[in-house]
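Structure first, then comments.
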Amino acid sequence: MRIDIITLFPEMCEAFLNESIIGRARKKGVVEFVCHQLRDYAFDKHKRVDDTTYGGGMGMLMKAEPIALCFEALCHVLGKRPHLIYMSPKGKTLTQQRVRELAEMENIAVLCGHYEGVDQRVLDEYVDEEISIGDYVLTGGELPALVLADAVSRMIPEVLSDDVCFEEESHYSGLLEYPQYTKPYEWRGRTVPDVLMSGHHANIDKWRRLRSLEETARLRPDLLERADLTDKERQYIAEYLKKLP
């Protein structure tokens, strides 16, 4: 898979994409990242990509033409049009389900906004979807773009050591992940649940499923409405919630 990021700060993106699990996957060629400096497509000697807004108002707006030229150049290099995403607080909130769908694509491109945003005309012309990482506003689109790139990349085969690394974690199955423990067995008077020390895998799986149900009911009950649960599990949740303060 290839992910292109159109940004004013490619160095910022490169620093993240070269580190840790994503960086190792990139070096192995499992996933390809290309960061594009938007100022390379500006016209004047100052490489300006923004201007004042029509109708007045505070702040500057990113101009349409540099973005259009950058995206068109990318399409020419690829020989086709990638799926273009604009990271925006107005977009649909990113979900694990959408991450899984994006991971199935061969090419995606991500546009990072700045200042007061982007000229609407270039969004209407080229952008396939707008995505938000939450109901708040940041100073630029680079952090959201990297969140998206990280979430999508780790779903690609061979990026993680095994598919089970993401199949059992929060949101993949529609539930939150069960609690986890590591050595030592006792820490400041708190011990690891005995079932995890038993070696009985069926009992461990059952314990993990029940803890996952409890965590979801306690922290994100809204997720239960969409989760694939048995009648017995829904009854268990109802009894669990009655016991909560």
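Source: prediction; values computed, not measured.
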Quiz item: Hey, what do you get for NE2 (H201) to CG (D205), rounding to the nearest 0.5 Å?
Solution: 8.5 Å
Quiz prompt | D231, CG: over 12 other non-hydrogen atoms inside 6.0 angstrom | solution = no
Quiz item: Considering residues at least two apart in sequence or located in another chain, which fulfil the ring-ring contact (aromatic ring centres under 6.0 Å, His included) criterion with Y115?
Solution: none
Quiz prompt | Separation of L74 CG from D4 CG (nearest 0.5 Å) | solution = 4.5 Å
Practice problem: Decide yes or no for R81 and D128: does some side-chain heavy atom of the first lie under 4.5 Å from some side-chain heavy atom of the second? | Solution: yes
Quiz prompt | Check against side chain to side chain contact (heavy atoms under 4.5 Å, CB included), C35 and L17 | solution = CA-CA 10 Å; C35 299; L17 297 171; 3.9 Å; yes
Exercise. Please go through I204's hydrophobic cluster and name the other residues, only I, L, V, M, F, W, Y counting, with side-chain heavy atoms under 4.5 Å joining them.
Key: Y181, Y185, V192, V195, L196, M197, W207
Quiz item: Side-chain contact, heavy-atom cut-off 4.5 Å: M1 with V152?
Solution: yes
Exercise. Give a yes or no on whether the backbone of R208 and the side-chain of S212 come within a donor-acceptor separation of less than 3.5 Å.
Key: no
Self-check item: Enclosure of E186 CD (heavy-atom neighbours >12, cutoff 6.0 Å)
Solution: yes
Self-check item: Steps toward side chain to side chain contact (heavy atoms under 4.5 Å, CB included) verdict (L123, E130)
Solution: CA-CA 9 Å; L123 299 182; E130 298 185 30; 4.0 Å; yes
Quiz item: Which distance, rounded to the nearest 0.5 Å, do you find between the NZ of K206 and the CZ of R211?
Solution: 10.0 Å
Practice problem: Mind listing the closest non-hydrogen atom pair of C112 and E142 along with its distance? | Solution: CB-OE2, 3.4 Å
Quiz item: What closest approach, in Å, do G91 and S132 show between heavy atoms, and which atom pair accounts for it?
Solution: O-CB, 3.5 Å
Practice problem: Show your working on side chain to side chain contact (heavy atoms under 4.5 Å, CB included) between K92 and R98 and close with a plain yes or no. | Solution: CA-CA 10 Å; K92 291 184 178 179; R98 188 56 184 149; over 6 Å; no
Practice problem: Tell me, yes or no, whether the heavy-atom count around D135 atom CG, taken from other residues, nucleotides or ligands under 6.0 Å, exceeds 12. | Solution: no
Quiz item: Are F33 and I22 close enough that some pair of their side-chain heavy atoms sits under 4.5 Å apart?
Solution: yes
Self-check item: Shortest non-hydrogen contact from G174 toward L223
Solution: O-CB, 3.7 Å
Quiz item: Quick check: are there more than 12 heavy atoms from other residues, nucleotides or ligands sitting under 6.0 Å from NZ of K90?
Solution: no
Quiz item: Quick check: are there more than 12 heavy atoms from other residues, nucleotides or ligands sitting under 6.0 Å from CD of E72?
Solution: yes
Quiz prompt | side chain to side chain contact (heavy atoms under 4.5 Å, CB included) between F43 and L69, worked out | solution = CA-CA 11 Å; F43 306 107; L69 291 175; 3.8 Å; yes
Quiz item: Of the options E104, Q97, M105, which is the one that meets E101 in a side-chain contact (heavy atoms from CB on, under 4.5 Å)?
Solution: Q97
Quiz item: In Å, rounded to the nearest 0.5 Å, how long is the span from NE2 of H36 to CD1 of I67?
Solution: 13.5 Å
Self-check item: Separation between CG of L148 and CD1 of I133, rounded to the nearest 0.5 Å
Solution: 9.5 Å
Quiz item: Nearest 0.5 Å, what's the CZ-CG distance between R2 and L78?
Solution: 4.5 Å
Exercise. Return the minimal non-hydrogen interatomic distance between E129 and L102, and the atom names on each side.
Key: OE2-CD2, 3.7 Å
Quiz prompt | Residues E214 and K243 bridged, charged N to O under 4.0 Å | solution = no
Practice problem: Might you point out which heavy atoms bring V118 and G113 nearest each other, and give the distance in Å? | Solution: CG2-CA, 4.3 Å
Quiz item: In terms of heavy-atom contacts, does CZ of R121 have more than 12 from other residues, nucleotides or ligands at under 6.0 Å?
Solution: no
May I have the list of side-chain donor-acceptor pairs in residues 45-65 shorter than 3.5 Å, sequence neighbours left out?
from: R48; atom 1: NH2; to: D50; atom 2: O; distance (Å): 3.1
from: T53; atom 1: OG1; to: G56; atom 2: O; distance (Å): 3.1

Quiz item: Is there side-chain contact between L146 and C13, with at least one heavy-atom pair below 4.5 Å?
Solution: yes
Quiz item: Under 3.5 Å, side chain of H83 to main-chain N/O of N107, donor-acceptor pair present?
Solution: no
Practice problem: Quick one: closest heavy-atom pair of V159 and S153, and the distance? | Solution: CG2-O, 3.1 Å
